[in-house]
Amino acid sequence: MPDRLPKAVAPQSDSRGRRLVAGAATLLAMTAVASGPLGTGTRAAADAPAPIAGSVSCAPTEARVALPTRAPLLDWSENLTFDEATESFWVSRAQRDVVEKYDGDAHLVASVPVRGPGAVRRGPDGLMYVTFGNSPLSGLSGGSGVVRFDPAAADPTPEVFASGLGQANGAAFDPDGALYVADTSANSVVRIRPDGSVDADWTARSHTALAALGLGADGIVAADGILYVTLLESPTARIVALPIDDPTRATVAVDLAPAPLSGPLLPDDLAIVDGLLYIATGSGQLVLADPVAHTSCTLLSGQPLTSVAVAPAPARTLVLGTEGGDVLKVHYR
């Protein structure tokens, strides 16, 4: 039986852009995990994860399956979020072109068709916003954007909120209701006003700033006037700090890899708690990072991860999406 999902808020990512590379890695990782001491339904951290040189240290933690995959890879859980208002949990299934709603007992209660869904976020207006066209092919055609729907409806119907993006991926709202979307193929962050129009000037400035720091804008989280953006294609697994009031002042928050092309790699989605970043990586690590001290360490190693959400209860609980499709629950110290 799956663990009960935490009653619950938080975070983003890209499935199809790394499908060929990550698919084999996913199967290998899942095989390795299943053969371990928790292979009957849990995922475990390494016994003693070594911190990155010069970084803070992490207490070992473990993950358990909250929602098991029905079909590995086909169930790819691209992104996830909690909706306290409806006491539900939403999962983007990128390969199935659907966003699924689950109740607290992990029962599927609704499915919303969305082509190539990416980040799923509850907006300040109470509607659910989902990026669509999260694939490189959309990047070539500009067939990407954001849909929204009423999460409390018995049969939610998505409507287009914004379109014309390249590869809409991660997303985050600021306190004023503006939506920021990572366009992975354009390597930019798109600022979308509450009326659905794009702030072209802000977006162009973000593109210029990111171009100097790396490639593959992917996950986004907003906190205290800063957007923290993961660069999926960075050889050092870079996280960028992008000031909302002036994106041209972007800086490196942290590089997760101690050397180019060494793990962790493929930083995807992320969440923030008490000023610390929790980052899901395609190479299979959940990484804790301090964006002020520019240090990081690995909390968990296992199957490739796509996303991370913060559950408001119980305390210190994260929920993780995976390329294999499992949704994992983590209690951290």
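Excluded from the calculations below are hydrogen atoms, water molecules and symmetry mates; all remaining heavy atoms, backbone and side chain alike, are included.
In this structure the side chain of Val319 reaches within 4.5 angstrom of the side chain of Leu80, judged on heavy atoms. Contact annotation: the side chain of Met128 approaches that of Val120 to within less than 4.5 Å [non-hydrogen atoms, C-beta and beyond]. Residues Trp202 and Tyr180 form a side-chain contact, since some pair of their non-hydrogen atoms from C-beta on lies under 4.5 Å apart. Looking at heavy atoms from C-beta onward, Leu270 lies in side-chain contact with Ile239 at the 4.5 angstrom threshold.
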**OP:** Kindly determine whether Tyr129 and Phe173 satisfy ring-ring contact (aromatic ring centres under 6.0 Å, His included), including the steps that lead there.
**Re:** CA-CA 10 Å; Tyr129 289 73; Phe173 284 96; 5.2 Å; yes
Original post:
Should Asp183 and Ser185 be marked as a side chain to side chain contact (heavy atoms under 4.5 Å, CB included) after you check the CA-CA gap, both sets of side-chain angles, and the distance that decides it?
Top reply: CA-CA 6 Å; Asp183 187 331; Ser185 62; 3.1 Å; yes
Original post:
Can Ile279 and Val308 be said to form a side chain to side chain contact (heavy atoms under 4.5 Å, CB included), step by step?
Top reply: CA-CA 7 Å; Ile279 304 150; Val308 54; over 6 Å; no
Subject >> Thr230 and Asp268: CA distance, side-chain angles, deciding distance, side chain to side chain contact (heavy atoms under 4.5 Å, CB included) verdict >> reply: CA-CA 6 Å; Thr230 63; Asp268 203 324; 5.5 Å; no
**OP:** May I have the step-by-step check of side chain to side chain contact (heavy atoms under 4.5 Å, CB included) for Thr203 and Val189, ending in yes or no?
**Re:** CA-CA 6 Å; Thr203 300; Val189 174; over 6 Å; no
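No side-chain N or O of Asn79 forms a donor-acceptor pair with one of Ser92 less than 3.5 Å apart. No hydrogens or angles considered: nothing links the side chains of Glu159 and Thr157 as a donor-acceptor pair under 3.5 Å.
Under the 3.5 Å distance criterion, the side-chain polar atoms of Ser144 are matched with a main-chain donor or acceptor of Phe132. In this structure, the side chain of His207 does not engage the main chain of Arg205 through any donor-acceptor pair within 3.5 Å. At least one donor-acceptor pair under 3.5 Å links the side chain of Asp103 to the backbone N or O of His107.
In summary, Asp201 and Arg191 do not engage in a salt bridge, as defined by a charged side-chain N under 4.0 Å from a carboxylate O. We find that Arg122 and Asp83 are joined by a salt bridge, their nearest charged nitrogen and carboxylate oxygen being less than 4.0 Å apart. The pair Asp245-Arg249 meets the salt-bridge criterion, with a side-chain N (NZ, NE, NH1 or NH2) lying under 4.0 Å from an Asp/Glu carboxylate O. Ion pairing between Glu100 and Arg70 holds under the 4.0 Å rule for side-chain N and carboxylate O.
Expressed to the nearest 0.5 Å, how far CG of Asp255 lies from CZ of Arg238 amounts to 4.0 Å. Between atom CG of residue Leu179 and atom CG of residue Asp199 there is a gap of 12.5 Å, rounded to the nearest 0.5 Å.
For Asp174, the salt bridge (Lys or Arg N to Asp or Glu O under 4.0 Å) test picks out no residue, with sequence neighbours left out.
His331 NE2: more than 12 foreign heavy atoms inside a 6.0 Å radius.
Here the options are Thr131, Thr306, Thr322, Asn134, the test is side chain to side chain donor-acceptor pair (under 3.5 Å), and the partner is Glu78; only Asn134 passes.
Below 30°, between 30° and 60°, or above 60°: for Phe89 and Tyr102 the angle between ring planes is between 30° and 60°, a tilted geometry.
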